[in-house]
Amino acid sequence: MAEADARSMLTIARRDLKAAWILQDASIAEASWGFQVQQVVEKALKAWLFQLGDSPPFTHDLVVLFKRLMRAGADVEAHRDLARFTDFAVQFRYDADPEPMGLDRAHWLQRVEELVEHVASLIAAAPDG
């Protein structure tokens, strides 16, 4: 069951990543793009937790998910900077006019894609993968 859940969550993360790439255009509000990026990270981290045999908590807080992965023994160091996107799911989501952070969208999309591919490699390397 955990493997199927991990694969399903990763499929959704990849779907959200495609949308995030489309939203990278500067004419799209950073809050909208950032929310999509946050969704990718959240789902990738939850897929990782499923892959480890853990049931992810119902949360949008990426810091909580990273901490849970670390408690499970996962090496998350290369991806921890992505926790900055938590604000897009929490504070910015309901802010009518959030102050843009001026993020380099192409850079962060590449970083998120690296996370998704890392989780995909873990799932593929699992005994039943």
Side-chain angles (χ1 to χ4, degrees):
M1 182 66 166
E3 179 190 344
D5 290 333
R7 290 182 184 284
S8 177
M9 197 62 66
L10 187 65
T11 296
I12 298 167
R14 284 187 164 141
R15 180 180 66 200
D16 288 347
L17 181 58
K18 286 180 185 178
W21 277 105
I22 291 168
L23 294 174
Q24 76 173 315
D25 186 276
S27 68
I28 303 298
E30 187 180 69
S32 297
W33 168 81
F35 175 73
Q36 197 65 45
V37 170
Q38 185 281 337
Q39 289 290 290
V40 178
V41 176
E42 179 183 328
K43 289 171 181 112
L45 296 179
K46 288 180 177 181
W48 194 347
L49 283 164
F50 277 127
Q51 183 271 328
L52 292 170
D54 193 358
S55 293
F58 182 75
T59 184
H60 301 297
D61 189 331
L62 303 177
V63 173
V64 168
L65 295 173
F66 276 116
K67 286 181 179 179
R68 188 143 178 170
L69 282 161
M70 289 179 349
R71 281 194 304 274
D75 181 6
V76 300
E77 197 56 40
H79 309 287
R80 283 183 64 192
D81 58 340
L82 296 171
R84 74 181 308 157
F85 285 92
T86 292
D87 290 345
F88 287 95
V90 184
Q91 289 102 319
F92 298 164
R93 188 173 180 185
Y94 297 103
D95 186 340
D97 192 25
E99 183 71 29
M101 297 169 72
L103 297 174
D104 179 339
R105 296 182 191 196
H107 165 78
W108 288 106
L109 284 168
Q110 184 60 45
R111 296 281 299 112
V112 171
E113 193 159 321
E114 290 167 6
L115 170 64
V116 169
E117 292 311 311
H118 176 71
V119 173
S121 71
L122 295 172
I123 293 170
D128 297 323

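Closest of all the heavy-atom pairs between A2 and G53 is CB-CA, 4.3 Å. Minimum heavy-atom separation, W108 to R84: CZ2-NH1, 3.1 Å. Heavy atoms only, all atoms of each residue included: S32 and L23 are closest at O-CD1, 4.2 Å. Across every non-hydrogen atom of E42 and T59, the tightest pair is OE2-O, 3.3 Å. Residues W48 and L69 share a closest heavy-atom pair of CG-CD2, 3.6 Å. H60 and Q39 make their closest contact through ND1-NE2, 4.3 Å (heavy atoms, listed as atom of the first residue, atom of the second, distance).
Rounding to the nearest 0.5 Å places NZ of K67 at 14.0 Å from CG of L45. To the nearest 0.5 Å, atoms CD1 (I22) and CD1 (I28) are separated by 10.0 Å. Atom CD of Q36 is separated from atom CD of Q24 by 12.5 Å, given to the nearest 0.5 angstrom. Atom NE2 of residue H79 and atom CD of residue E77 lie 10.0 Å apart, to the nearest 0.5 angstrom.
Partner V37 forms a side chain to side chain contact (heavy atoms under 4.5 Å, CB included) with one of L17, L82, L109, L103 and no other, that one being L109.
When atom types are taken as modelled, the side chain of D104 and the backbone of A106 share a donor-acceptor pair closer than 3.5 angstrom.
Electrostatic pairing of R14 and E117 counts as a salt bridge here, judged by a charged N lying under 4.0 Å from a carboxylate O.
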